[in-house]
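One structure is given below, encoded as structure tokens.
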Amino acid sequence: MRSSTIGWLFLAPTLLILLVFGMLPFVYVLVIGFTDWNAFAAVATPHFNGVENYRRLVFDDQVLTALWLTLRFTIFAVVSELILGYFLAQLFMRDFPLKGLFRTLHTLPLMVAPIAVGATWRLLTVPGLGPLSYYLERWAGIEYRLNTYASQAFFTTVLMDLWHWTPLVTLTLLAGLSALPKDPFEQAQIDGANRFQIFWHITLPMLRPVILTTVFIRAMDALRTVDEVWMLTGGGPGAATRYIGLHIWRVVFPKTDYGYGAAMSLLTLYLTIVLCWLLYVALVARKRSGEDSR
Amino acid sequence: MQRRSIAWLAGLGSLLLAGTASAAGFWTDAAKPYAGTTIRGVSESTPPSNFVKDVLAPQFEEQTGIKVEFETTSWDQMYDKAIKDMEANTGIYDFVYIEQDIIYSYLSRDFLVDITKSLKDTPALASADFSPDKFTSFIDYFKDANGDLYGVPMEAFVKIYLYRKDLFGDPKAQEAFKAKYGYDLAPAKTHKEYQEIAEFFTQWGKDNGQELWGTTLQAHSGHPSSWYEFFESWGPTFGVYNWGINPDGWSATVAHGGSMNSDTAKAALTYWLGLLKYAPPEATASTWDEVAASFAAGRAAQGLVYGENAAWIAADDTKSGVVGKVGVALPPLAEGVQAAAESGKGYIGYYDGGAFGVPHSSKNKEAALLWLQFIGQESVQPDWAVAAPRITHTATYDDPKVQAMDAKIDGYYTLLRDSGKLFAGAPAYPFHAQVREATAPFFYQAITGELTPSDALDKMAEAAETELTNLGYRK
């Protein structure tokens with residue numbers, strides 16, 4: 001048997017799984033996106049309606065608002081996590097008392113299911129009863145009403161995401177920092193570079209692939225966030241935290257508007273790919289072209 | 001004489017034993033072909049459902065050998081799971097919870113097994129202890145136009161006006177109230193009284209250093225429960241019925257013959273939102289559960305609360321801080337609403353409840369039909385009604401255990417029996433969740449103040465009509 005045949009045989013189970021659980025559902029969603037199908041419509045069977053769902057999407061204020069909110073949420077959450085995660089990773093590169101314990105505690109949120117994170121934060125922030133809102137009001141005189149004030153709700157969802165996912169960023173950057181060669185840093189020190197110069201000219205460029213991977217992973221996760229926010233605010237107050245994932249969930253499940261929801265999912269997927277591509281161009285491709293032209 | 005009495009008692013005892021044995025015998029015999037089967041169900045986690053899970057399911061298993069796996073989860077998840085299962089025809093669930101307002105959607109999609117027909121076609125499965133005639137009229141919501149049954153009611157209750165008897169009866173409060181408003185402090189009969197009582201007790205709480213507010217409100221700013229509170233509980237007390245949708249042409253705007261954005265609806269929403277300043281801070285984060293919890297924690301003087309929670313709030317001191325202090329009454333009403341309800345042209349509030357039905361997708365329909373009849377027996381009802389204040393059978397009202405419980409919850413069961421007819425379930429719309437989802441975002445914006453009540457209702461009425469057009473109901 002030729003080695004390439006054996007190779008394909010080994011690959012076959014994975015390809016089959018990918019086809020059944022990856023490609024087929026995707027094709028199904030693609031097809032449904034071109035139908036008008038609501039489970040409780042007067043005629044509840046799907047029928048082809050061309051690009052009508054996509055035409056509706058472009059003029060749908062709720063979708064556009066949800067997309068804009070999601071983008072804001074993603075930028076705030078991912079940038080904050082990256083900065084905080086970097087500082088924590090640098091901290092863990094050094095030795096200090098109880099480092100092992102601190103690192104374990106810091107990693108714990110990663111192990112909690114998103115729905116439980118949402119529930120925990122909801123208990124913390126229930127207006128008038130949750131410890132956070134109660135003591136903020138009592139001690140600092142801050143009226144913390146998550147279900148009334150849009151900006152408080154928005155930043156609380158960012159904070160919750162920060163609490164949940166910064167450990168992942170820290171661990172990834174820590175792995176990246178640990179793998180960096182020591183020579184360039186020693187050379188830079190001998191040449192008299194200061195901390196910022198070392199960070200800007202050595203650490204950051206060498207860490208770029210790790211940062212890019214981390215940003216991709218976190219951005220994709222943030223763009224499709226649902227469970228935590230659903231549990232914490234339900235998308236409210238009003239539509240202040242109705243991010244696109246949550247909006248799609250409401251359209252597909254409670255509203256059973258499968259056709260429109262499928263189109264919305266595909267649009268979100270497309271925008272996610274475009275966003276990641278733009279990031280890639282900004283962080284890697286431009287750098288490469290700069291190096292090539294030198 | 002004594003010997004004759006002993007013989008009579010012995011005879012009666014034998015008859016009762018024989019009756020019990022024959023009842024138990026039916027379940028064992030009828031279930032023989034299905035012994036060892038496992039049936040699965042899903043429901044919202046509520047006191048009545050928890051009684052089914054903890055008490056009735058083990059009894060059924062013991063008598064039939066059919067295992068019941070019963071999942072009690074959140075309201076949203078329950079629908080999510082049940083509808084997906086029935087839509088995809090996967091057959092995960094053998095029985096599902098059908099809330100009164102969703103039955104029309106399920107019937108329109110032919111999701112459910114016709115229980116009447118199934119029992120007629122398979123007489124061996126029909127229990128003599130199960131009779132739809134023994135149920136209250138609430139069972140009618142689960143019948144089709146031919147009178148065939150699609151769900152066996154497992155809970156029925158009204159959304160009731162609860163108030164704190166201790167606060168209302170406090171002589172100092174009574175005196176201060178009369179001095180301020182010029183009439184006696186008593187459960188509100190009108191909206192004006194309700195608002196003034198709410199205002200009074202909010203101030204009373206502040207003055208006395210208590211965490212007490214005038215009213216509970218189910219006003220979550222991102223959960224459909226607030227939408228329901230308005231359209232099913234408060235709207236009708238102003239005379240806004242059937243969500244303001246006119247089935248004649250499926251219109252919602254006043255311009256097209258609906259009343260969702262009518263002056264009455266706008267006055268009702270303005271009033272309801274105005275109550276927010278007398279509600280505890282958690283009101284905008286409260287769904288049906290949190291409203292009950294707020295009241296039970298003693299944080300509100302009055303409120304409209306789902307009847308399923310009345311018993312534990314009034315009588316369970318392991319969960320409630322207001323045991324023995326709870327009074328029940330009918331909701332406050334606008335002029336003319338009571339008369340409209342009595343004449344059958346309107347209703348004063350929400351008659352809620354649900355049933356268990358068997359989906360067509362079930363792979364164990366026969367076993368599930370036995371289970372549904374088991375929970376629908378008259379004999380299991382009194383203990384169930386005591387554990388969770390729901391009554392589905394007329395005879396349950398007269399049971400001594402239920403009457404004892406009635407005294408503890410200030411006559412809630414008596415009120416349910418005598419005035420239940422003034423309340424109504426949700427209108428028979430098959431597009432229930434669809435219209436709610438299309439309009440709710442504007443409603444939430446009214447709660448946060450982003451939209452005025454008038455603008456919100458105008459937008460909601462337009463959105464409802466657009467949705468009804470998209471769904472193909474409105475031409």
Side-chain angles (χ1 to χ4, degrees), chain A residues 36-45 47 49 52-53 56 61-62 65-66 115 119 122-123 125-130 133-134 137 143-150 153 229-242 246-247 249-261, chain B residues 76-77 79-80 83-84 86-87 102 104-106 108-111 211 213 219-226 276 280-287 290 293-294 297 299 429-438 440-451 463 467-468 470-474:
Chain A
D36 182 9
W37 181 22
N38 190 311
F40 295 102
V43 180
T45 46
H47 59 273
N49 70 345
E52 174 58 22
N53 289 334
R56 264 176 73 192
D61 282 346
Q62 289 182 355
T65 307
I115 200 80
R122 184 172 170 180
L123 289 174
T125 58
V126 173
L129 290 170
S133 62
Y134 185 82
E137 192 154 349
E143 197 183 63
Y144 183 65
R145 298 274 189 274
L146 189 66
N147 298 81
T148 305
Y149 303 122
V229 178
W230 177 70
M231 196 69 206
L232 179 67
T233 63
T241 57
R242 198 168 166 130
L246 191 55
H247 188 65
W249 179 81
R250 293 222 75 93
V251 169
V252 174
F253 293 112
K255 205 173 170 201
T256 63
D257 198 346
Y258 302 136
Y260 194 48
Chain B
D76 313 65
Q77 283 298 301
Y79 277 131
D80 195 8
I83 292 175
K84 268 192 236 171
M86 294 187 288
E87 181 69 42
I102 202 82
Y104 312 104
S105 303
Y106 287 6
S108 77
R109 289 301 317 279
D110 193 24
F111 278 161
E211 296 219 334
W213 285 265
H220 198 294
S221 55
H223 189 277
S225 51
S226 52
L276 270 173
E282 67 269 22
T284 51
S286 292
T287 70
E290 288 84 3
S294 274
R299 292 170 65 81
Y429 300 153
F431 43 73
H432 181 92
Q434 287 64 39
V435 166
R436 183 197 72 215
E437 287 298 318
F442 304 113
F443 189 77
Y444 303 148
Q445 286 179 304
I447 294 174
T448 58
E450 287 171 69
L451 289 175
E467 185 63 20
L468 288 167
N470 288 341
L471 291 170
Y473 292 99
R474 183 178 157 76

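Because the structure is predicted, anything quoted here is derived from the model rather than measured.
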Region of B/I83 that comes under 4.5 Å of a non-hydrogen atom in chain A
side chain
Interchain contact, A/Q62 with chain B, by part (heavy-atom threshold 4.5 Å)
side chain
Given heavy-atom pairs under 4.5 angstrom as the criterion, report whether the side chain, backbone, both or neither of B/S105 touches chain A.
both
So which of B/S294, B/P281, B/A446 has the largest heavy-atom pair count under 4.5 angstrom toward chain A?
B/P281
Out of B/R436, B/K84, B/E450, B/E290, which one racks up the most heavy-atom pairs below 4.5 Å with chain A?
B/K84
At a 4.5 Å cut-off on heavy atoms, which part of A/T233 comes close to chain B: side chain, backbone, both, or neither?
backbone
Can you name the residues that form a ring-ring contact (aromatic ring centres under 6.0 Å, His included) with B/W213, not counting sequence neighbours?
none
For A/R122 and B/A285, work out which heavy atoms get closest and say how close.
NH2-O, 3.6 Å
If you count heavy-atom pairs within less than 4.5 Å of chain B, which of A/N38, A/T148, A/V126, A/L129 leads?
A/L129
Engaged part of B/F111 at the chain A interface, taking heavy atoms whose separation is under 4.5 Å
side chain
Which region of B/Q434, side chain (C-beta onward) or backbone (N, CA, C, O), has a non-hydrogen atom less than 4.5 Å from a non-hydrogen atom of chain A, or is it both or neither?
both
Option that, when pairs with chain B are counted at under 4.5 Å, heavy atom only, ranks first among A/G236, A/A41, A/G235
A/A41
May I ask you to decide if the ring planes of B/Y106 and A/F40 are parallel, tilted or perpendicular, using 30° and 60° as cut-offs?
parallel
Of the backbone (N, CA, C, O) and the side chain (C-beta and beyond), which part of A/R145 lies under 4.5 Å from a heavy atom of chain B, both, or neither?
side chain
Keeping the roles fixed (side chain from B/S221, backbone from A/N147), state whether a donor-acceptor pair exists under 3.5 Å.
yes
Heavy-atom pairs under 4.5 Å with chain B are the metric here; pick the option from A/G130, A/S133, A/G234, A/A240 that has the most.
A/G234
State which residues pass ring-ring contact (aromatic ring centres under 6.0 Å, His included) with A/Y144; sequence neighbours excluded, sorted by chain then number.
none
Can you tell me how far OG1 of A/T256 sits from CG of B/D80, rounded to the nearest 0.5 angstrom?
11.0 Å
Between B/H432 and chain A, which part of the residue has a heavy atom less than 4.5 Å away: side chain, backbone, both or neither?
neither
Which pair of non-hydrogen atoms, one from B/R299 and one from A/G128, has the smallest distance, and what is that distance?
NH2-O, 4.1 Å
Can you measure from CG (B/N470) to CG (A/D257) and round to the nearest 0.5 angstrom?
7.5 Å
Quick one: what part of B/F442 sits under 4.5 Å from any heavy atom of chain A, side chain, backbone, both or neither?
side chain
For B/T448 versus A/G238, what's the shortest heavy-atom pair and its separation?
CG2-N, 3.6 Å
What's the shortest heavy-atom distance between A/R250 and B/P224, and which atoms?
NH2-CG, 3.6 Å
By a 4.5 Å heavy-atom criterion (distance strictly below it), what part of B/E87 contacts chain A: side chain, backbone, both, or neither?
side chain
With rounding to the nearest 0.5 angstrom, report the CD to OH distance, B/E211 to A/Y134.
5.0 Å
Is it the backbone or the side chain of B/P430 that comes under 4.5 Å from a heavy atom of chain A, or both, or neither?
backbone
